Amino acid sequence: MLDFKENISLKPYNTFGIEAFCSFFIEINSIEDFMLLLKTDIFHSNSKLIIGGGSNILFTKNFNGLVIKNNIKGISVVSENSETVIVKANAGENWHEFVMWCINKGYCGLENLSLIPGCVGASPMQNIGAYGVEIKNLFYELEAINMNNGKVDVFNNAACEFGYRESVFKTKHKGVFFITSVSFILTKTQNLNTSYGAINSELAAMKISTPTIKNVSDAVISIRNSKLPNPREVGNAGSFFKNPEVPKEKHEELKLMFENLVSYSLPSGNYKLAAGWLIEQCDLKGYEKNGAAIHTKQALVLINKNNCSGLDVFELSNYVIQKVFDKFGVSLEREVNII
Ligand code: FAD
Ligand code: EPU
């Protein structure tokens, strides 16, 4: 039985805590529910937006259409041998709880991705990543229903065309697939990646010399808590912009002008710049307009500081893009999905 709601507030469904209304709203608890939904007039006569945890969405207006909240739960082991295990999680599982489930079983691989908000089903959308790991490193396959014909499709790693915060689901298949489950291939032996950023120093501060999977997860959680705002306390969607990539020549030019430039070389010969550093250099940390603000501990994060609208956040993002461009000649691209 499908329980459509009409004209409801999406404020509880987005981590920015922005007020916006949708014409119709439906929660999907099983694939059978979704197959029923495909047969309804409401589905066919409305534009559609799928949401999981709403932690990478900014509503700049009401959504005049059908919002489909994916709530399909379940985690299972698909196959295993003495070294590896394939674990499948349904799309409505909370990402962090799924990571914790894997850690408790002793399955290694996802620990650096601890505490990323949202649901499993959204994780392939932008190939979520943190602390030197992206899901493409561990991704096995996903199942998705094509909303145009109701057929179930399976995408392996190559078919997703994962890139930095990119996949086919944001580009050529945008708005076509309802992802129902995602599988990951994990190891049963410890294969830890502690090389990125502050993980090792955090482990040292925790007085841990031979870390376990859980220790690495705890270190990541501690670092994240020290700079990223908890969406339950302050509305936000994590990094608002991507870290921009520039060619070698542009990097050299910037390095001459700004000797403290924070950048990382890429295998392609290009460089990735730390957008948070660029924004901070424009003296924008803590800058606030109309209740939308730039987080004081991490300039890449825009926050709903004082009951602002989605448009206020969007306008602030335009201002940031302009300021960074004026100072560095570098164009920032938004990571957050703008509705
Ligand atoms: P939503 O915001 O609900 O949706 C995001 C997009 O995916 C939308 O386009 C939506 O239509 C689509 N979508 C969602 N579910 C499905 C589905 N089942 N089928 C098809 N399409 C779907 N991201 C990182 O990569 N790394 C980080 O370290 C990180 N840190 C964050 C920290 C904070 C404090 C916050 C608030 C966000 C952070 N993010 C990070 C961003 C965000 O958590 C991820 O992008 C997450 O995967 C979004 O999941 P969600 O379920 O909330 O997606
Ligand atoms: N920096 C500053 N000022 C700031 C913020 C950052 O100078 O206000 C500089 C610092 O020098 C720091 C460097 O930028 O060393 C990188 O900062 P940080 O380690 O915080 O990472 P980030 O590049 O800002 C990225 C991801 C995050 C992810 C972290 C950890 C993007 C867009 N963001 O942030 O992902 O958690 O690395 O791996 O790639 C997200 O996508 O929502 C997200 C939070």
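It should be emphasised that the depicted structure is a prediction, and the values quoted were computed from it without experimental measurement. If you read the sequence from its start, that first residue is 1, and numbering goes on from there. Atoms within a ligand are numbered from 1 in the order they appear, just like the ligands themselves.
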- Item | Test item: Glu252 and Leu256 side chains (from C-beta on) under 4.5 Å apart, heavy atoms | no
- Within-4.5 Å side-chain heavy-atom neighbours: Ser23 and Glu6: no
- Would you say the side chain of His96 lies within less than 4.5 Å of the side chain of Ser114, judging by non-hydrogen atoms? yes
- Message: Any non-hydrogen side-chain atom of Tyr13 less than 4.5 Å from a side-chain atom of Lys69?
- Response: yes
- Task: Identify, by atom number and element, the atoms of ligand 1 in contact range of Pro229, meaning under 4.0 Å from any of its heavy atoms.
- Result: 34 (C)
- Message: Using a plain distance cutoff, I'd like to know if Leu228 has any nitrogen or oxygen under 3.5 Å from a nitrogen or oxygen of ligand 1.
- Response: no
- Task: Under 4.5 Å between side-chain heavy atoms, chaining through other members, with only Ile, Leu, Val, Met, Phe, Trp and Tyr counted: pull out the rest of the cluster around Ile42, sorted by chain and number.
- Result: Leu2, Phe4, Phe24, Ile26, Ile28, Ile31, Phe34, Met35, Leu36, Leu37, Leu38, Phe43, Ile50, Leu66, Ile68, Ile72, Ile145, Met147, Val152, Phe178
- Task: Report yes if Asn56 has an N/O atom closer than 3.5 Å to an N/O atom of ligand 1; otherwise report no.
- Result: yes
- Query: Is the closest N or O pair between Ile51 and ligand 1 shorter than 3.5 Å?
  - Reply: no
- Indicate yes or no: at least one non-hydrogen side-chain atom of Glu134 is less than 4.5 angstrom from one of Leu113. no
- Near ligand 2, at a heavy-atom separation below 4.0 Å: residues by chain and residue number: Ala130, Tyr131, Tyr164, Arg165, Tyr196, Arg224, Lys227, Gly238, Ser239, Phe241, Lys242, Asn243, Val262, Tyr264, Ala274, Gly276, Trp277, Glu280, Lys285, Gln298, Ala299, Leu300, Glu335
- Would you say the side chain of Leu273 lies within less than 4.5 Å of the side chain of Asn243, judging by non-hydrogen atoms? no
- Task: Using distance alone, decide if ligand 1 has a nitrogen or oxygen within less than 3.5 Å of any nitrogen or oxygen in Ala237.
- Result: no
- Can you check whether Asn127 has an N/O within less than 3.5 Å of an N/O in ligand 1? no
- Query: Is there any N or O on Thr15 that sits under 3.5 Å from an N or O of ligand 1?
  - Reply: no
